[in-house]
Structures are given as C-alpha cells and as structure tokens.
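Take a look at the structure set out below.
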Amino acid sequence: MSKFRTTIQPADRNPEIAVVVEYTYHKADDGGREYPSTPAYIEIESITHGSINLTDYLADHILIDIEQEIEADMDAAREAAEESAAECMAEYRAECLAAWQESRE
C-alpha cells in the first residue's frame with residue numbers, strides 16, 4: 001500500500017484541507033490467451049485527515065479527482081525515471097566510445 005498527500009475541498013464554501021490517501025496500485029495485465037486484459041488502476045483504501053477517515057463521506061467526483069492526481073503523479077515520476085535512464089545511457093555510450101577511440105590510437 002502506498003501513501004499520497006494532497007488537499008481536498010469537501011464543499012464549495014469550505015477551505016481546503018490536507019489529507020493522506022492510502023492506495024493500492026494494480027498493474028495492467030494482458031490476460032494471456034485465455035482471459036481478457038485489464039488496464040492498470042488505483043484502488044483507494046482510505047483518505048484521512050489527522051485520525052479521521054473521510055473515505056465514505058467524500059463525493060464520487062472528489063475520489064475520481066484524487067485517483068487522477070495520483071495517476072498524473074505516477075506518470076510524471078515514470079517519465080522522470082525514463083529521462084534519467086536515457087541520460088545515463090547516453091553518458092555510458094559516450095564513455096564507451098571515448099574508450100574505444102583511445103584504444104584505437
């Protein structure tokens with residue numbers, strides 16, 4: 001189970017409050033040959049403010065917004081990791097090429 005911190009506004013006239021979202025991320029499954037594939041999804045376990053569990057009291061659109069916010073955060077982290085890996089590979093290739101060129105001299 002993972003945790004995500006965000007803010008919500010329970011009603012239009014209320015101020016935003018800080019909450020902690022505990023969720024489980026389920027990976028996509030291609031299903032193989034015998035079962036249909038299923039996309040990745042997030043299952044919210046609880047949304048708390050302090051020691052108060054708000055999960056059952058929040059409107060569906062707030063839960064959907066939180067799921068989308070978590071997915072966007074995960075996508076950004078994934079993209080940053082891919083960029084970092086690409087940069088590392090580019091540096092490694094440059095080092096290998098330099099070493100190869102030195103060995104030929």
Nearest non-hydrogen partners of [X] and [Y], listed with the distance:
{"X": "L63", "Y": "I47", "value": "CD2-CD1, 3.4 Å"}
{"X": "D30", "Y": "S37", "value": "O-CB, 3.4 Å"}
{"X": "Y25", "Y": "I42", "value": "CD1-CG1, 4.1 Å"}

Calculate, to the nearest 0.5 Å, the distance between atoms [atom1] and [atom2] belonging to [X] and [Y] respectively.
{"X": "C88", "Y": "E83", "atom1": "SG", "atom2": "CD", "answer": "12.0 Å"}
{"X": "I62", "Y": "T55", "atom1": "CD1", "atom2": "OG1", "answer": "11.5 Å"}
{"X": "I52", "Y": "S46", "atom1": "CD1", "atom2": "OG", "answer": "13.0 Å"}
{"X": "E22", "Y": "E45", "atom1": "CD", "atom2": "CD", "answer": "8.0 Å"}
{"X": "T24", "Y": "I44", "atom1": "OG1", "atom2": "CD1", "answer": "10.5 Å"}

Using distance only, find each side-chain donor-acceptor pair of residues 91-100 under 3.5 Å and give its atom names and separation, not counting sequence neighbours.
none

Task: Partners meeting side-chain hydrogen bond (donor to acceptor under 3.5 Å, both in side chains) with H49 (sequence neighbours left out) - done: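 Counting only residues at least two positions away or on another chain, H49 forms no side-chain hydrogen bond (donor to acceptor under 3.5 Å, both in side chains).
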Would you tabulate the side-chain donor-acceptor contacts of residues 66-76 under 3.5 Å, counting partners in other chains and residues two or more places apart, or write 'none'?
from: E69; atom 1: OE1; to: T6; atom 2: OG1; distance (Å): 3.1
from: E69; atom 1: OE2; to: T6; atom 2: OG1; distance (Å): 2.7
from: D75; atom 1: OD1; to: R78; atom 2: NH1; distance (Å): 2.7

Task: Audit row: V19, T7, side-chain contact (heavy atoms from CB on, under 4.5 Å) steps and yes/no - done: CA-CA 6 Å; V19 295; T7 59; over 6 Å; no
- [ ] Over 60° means perpendicular and under 30° means parallel, so classify the ring planes of Y41 and H26, tilted if in between.
- [x]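 Because their plane-to-plane angle is under 30°, the rings of H26 and Y41 count as parallel.
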